[in-house]
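The block underneath contains the structure these notes are about, expressed in structure tokens.
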Number of protein chains: 2
Amino acid sequence: MPASITYTYEYPRPALTVDCVVFGFEVGVGVGVGVGAAFKVLLIRRKLPPYEGQWALPGGFVQMEESVEAAAVRELQEETGVKDVFLEQLYTFGAVGRDPRDRTVSVAYYALINLQSHPVQAATDASDARWFKLFELPKIGAKIETVLGFDHAEILDCALARLQAKIRYEPIGFELLPKAFTLSQLQRLYEQILNRPLDKRNFRKKLLKMDLLIDTGQQETGVAHRAAQLYQFDLEKYRALKQRGFSFEL
Amino acid sequence: MPASITYTYEYPRPALTVDCVVFGFEVGVGVGVGVGAAFKVLLIRRKLPPYEGQWALPGGFVQMEESVEAAAVRELQEETGVKDVFLEQLYTFGAVGRDPRDRTVSVAYYALINLQSHPVQAATDASDARWFKLFELPKIGAKIETVLGFDHAEILDCALARLQAKIRYEPIGFELLPKAFTLSQLQRLYEQILNRPLDKRNFRKKLLKMDLLIDTGQQETGVAHRAAQLYQFDLEKYRALKQRGFSFEL
DNA sequence: TCATCTTAGTGTAATATTGACACTAAGATA
DNA sequence: TATCTTAGTGTCAATATTACACTAAGATGA
């Protein structure tokens, strides 16, 4: 970077950044193990002050020749290797003291990825990224919220609330699963995110009645019990129905 | 303003603004007139380029010593005289070319006010503000969208979509009515915003069953027909119920 | 190979919610 | 006092929700 070039304005300007809350879901794998499904968030370890060494949401400065959303996409890829995933704007955090060093306003996004198809670079030159389980019993290890720098705990809470609300009236849960999934995996996903148990028969009845799941004819493999049917979400059909006023409701 | 002071940064920074979509609702007044309810948006006429003379959303630059939300509150008051109203962040618009003169990112807010208690300064020194009816037949006068500068038509559409969605699962419609209102006024409000007719008996049944409307004992006055009962929304009770998982659904 | 273990997959009945529908009551006006 | 306008009310059928328990399939290991 050219050290001597600077940029001058008539009025002061806050710095503008993006931050990404990346949610991942791991369907239960491994033979015969218990529930084994985990809902996680991706954090990176900061290499620079402030909060050097602490965990934080991936993010960075918005550049002049890219849209804010493009900045989120770019930072996500640069810092975690994740790309081509569901990404949606969450909220803009603009309190005066949120960055201790400079006035910084951050546009937060959240991403949904399935851990099967998008393995994350564990630790590259630029960054050290790691998955943290959400909703774990607080006694085992520190609560995520307590180790995050800036107002990133608040951003994470905001993203969680949004996801919990939105998953009930938009079919975004499928973004967290592999293309083909079982109904039990889908149910476990909802149970994890909504943090409450659902009735198996009612859940299946409701989902199948919408007629938005395509039976692939394939079956689950590698499990030590009866193999379940694999389904795909019919995005085309959903879009068509949505146009005509249909609303996906859990 | 001191003309010679400038602000210099190591990296370029987009300008940061706020814009406010102010919705207002006017319950039918006047003796014996027809429906007479109107759903409106407040715009100001621009005094400066770009888009000088055109109508635009009230808004302006975020200052260094105020939060983004505070900037929205301040601009709203300065440009329209409106204060102490419901105001919520909508979305952040960050496309590269959205301001023809400078790279500008705008955090949009939407406000809900009732026209009875918050008459707007029609035209002051600083600004020329006017209400525009929404959902009017497009043949009469130009559609609002076609006269707005910047990407303000997009912001308005976004705000409308948000309001239409949110009014169905949060009791924000009451922000658009006087403190005491009749059930018919409330129904007309919903019909206007959702843009479809609702069944009178079913509407009343549903709302009254929630038990969130306080019968004031007062009655409507100044109408040329049977006077309706006046109700107030019980915000306290709603908050308490919401805590315990209750959800307001139209 | 058979007993065991684990999860898949299925139906019913009671209850609650939704949606369609039309008349009388009250009050102002001419 | 006739007329006009809007307020206010109940029922029934259809649909949606909820609670609930067993058999089926397939892998594993004694």
Side-chain angles (χ1 to χ4, degrees), chain A residues 27-37 168-169 177 180-192 194 196-231 245-250, chain B residues 27-37 168-169 177 180-192 194 196-231 245-250:
Chain A
V27 301
V29 285
V31 180
V33 184
V35 266
R168 290 173 52 182
Y169 61 89
L177 290 174
F181 50 84
T182 72
L183 289 176
S184 292
Q185 288 169 348
L186 186 62
Q187 183 179 344
R188 279 197 291 271
L189 168 70
Y190 272 87
E191 288 177 330
Q192 282 269 323
L194 299 178
R196 68 183 154 92
L198 300 172
D199 181 86
K200 189 181 183 181
R201 280 182 286 195
N202 294 340
F203 181 82
R204 295 162 102 91
K205 215 188 307 175
K206 192 152 192 176
L207 263 294
L208 291 174
K209 186 157 42 128
M210 289 185 197
D211 205 26
L212 285 171
L213 298 184
I214 302 168
D215 187 334
T216 62
Q218 309 280 97
Q219 267 154 0
E220 200 182 13
T221 56
V223 289
H225 52 78
R226 176 175 175 180
Q229 211 50 233
L230 288 168
Y231 293 87
F246 170 82
S247 162
F248 181 98
E249 304 259 340
L250 170 66
Chain B
V27 301
V29 285
V31 179
V33 185
V35 268
R168 290 173 49 181
Y169 61 88
L177 290 174
F181 51 85
T182 71
L183 289 176
S184 291
Q185 288 169 348
L186 186 63
Q187 183 179 344
R188 280 196 291 270
L189 169 70
Y190 272 88
E191 288 178 331
Q192 281 270 324
L194 298 178
R196 67 183 155 92
L198 299 172
D199 182 87
K200 190 182 186 180
R201 282 182 283 197
N202 294 339
F203 181 81
R204 294 161 102 93
K205 215 187 309 172
K206 192 152 189 175
L207 275 168
L208 292 173
K209 186 157 43 126
M210 289 184 196
D211 205 26
L212 284 171
L213 297 185
I214 302 168
D215 187 334
T216 62
Q218 308 280 99
Q219 267 154 1
E220 202 182 8
T221 56
V223 289
H225 52 78
R226 176 174 175 181
Q229 211 47 234
L230 287 168
Y231 293 87
F246 170 83
S247 163
F248 180 98
E249 303 259 342
L250 170 70

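Per chain, numbering begins at 1; letters A, B, ... match sequence-line order.
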R204(A) has its side chain closest, among dA27(D), dA7(D), dA8(C), to dA8(C)

Set out, in order, the CA-CA distance, both residues' side-chain angles and the distance that settles side chain to side chain contact (heavy atoms under 4.5 Å, CB included) for V27(B) and R188(B), then state yes or no. CA-CA 8 Å; V27(B) 301; R188(B) 280 196 291 270; 5.7 Å; no

To the nearest angstrom, the CZ-C1' distance between R168(A) and dT17(D) comes to 14 Å

Legend entry - Audit row: R196(B), E191(B), side chain to side chain contact (heavy atoms under 4.5 Å, CB included) steps and yes/no: CA-CA 5 Å; R196(B) 67 183 155 92; E191(B) 288 178 331; over 6 Å; no

Does S184(A) put a side-chain nitrogen or oxygen below 4.0 Å from OP1 or OP2 of dT7(C)? no

Rounded to whole Å, CG of L250(A) lies from P of dA16(D) at a distance of 15 Å

task = Evaluate the side-chain proximity of Y169(B) to F248(B): yes if any heavy-atom separation is below 4.5 Å, no if none is.
result = no

Atom CG of L198(B) and atom C1' of dC21(C) are separated, to the nearest Å, by 16 Å

Yes or no on side chain to side chain contact (heavy atoms under 4.5 Å, CB included) for R168(A) and E249(A), after CA distance, side-chain angles and deciding distance?
-> CA-CA 6 Å; R168(A) 290 173 52 182; E249(A) 304 259 340; over 6 Å; no

Pairs under 3.5 angstrom, nitrogen or oxygen only, protein versus nucleotides 2-4 of chain C, please.
none

Only pairs under 3.5 Å count here: list side-chain donor-acceptor contacts from residues 203-210 of chain A, not counting sequence neighbours, and write none if there are none.
unit_1: K205(A); atom_1: NZ; unit_2: N202(A); atom_2: OD1; d: 3.3
unit_1: K206(A); atom_1: NZ; unit_2: L250(A); atom_2: O; d: 3.1

From OH of Y231(A) across to P of dA8(C) the rounded distance in Å is 12 Å

Rounded to whole Å, CG of L208(B) lies from P of dT9(D) at a distance of 8 Å

note: L213(A), atom CG; dG9(C), atom P; distance rounded to Å ~ 12 Å

Among dA7(D), dT6(C), dT29(C), the one nearest any side-chain atom of H225(A) is dT6(C)

When rounded to whole Å, the CG to C1' distance for the pair L183(B) and dT9(D) reads 12 Å

- request: Scan T182(A) against the nucleic acid and name what it touches under 4.0 Å (heavy atoms): base, sugar-phosphate only, or nothing.
  value: nothing

Nucleotide by nucleotide, nucleotides 18-23 of chain D touches protein heavy atoms under 4.0 Å in the pattern (B base, S sugar-phosphate only, - none) BBBB--

Separation between CD1 (I214(A)) and OH (Y231(A)), nearest 0.5 Å, reads 12.0 Å

Nearest-nucleotide check on DNA chain D, Q229(B) vs Q219(A); residue mapping nearer the 5' end is Q229(B)

Taken to the nearest whole Å, CD/E220(B) to P/dA26(C) is 16 Å

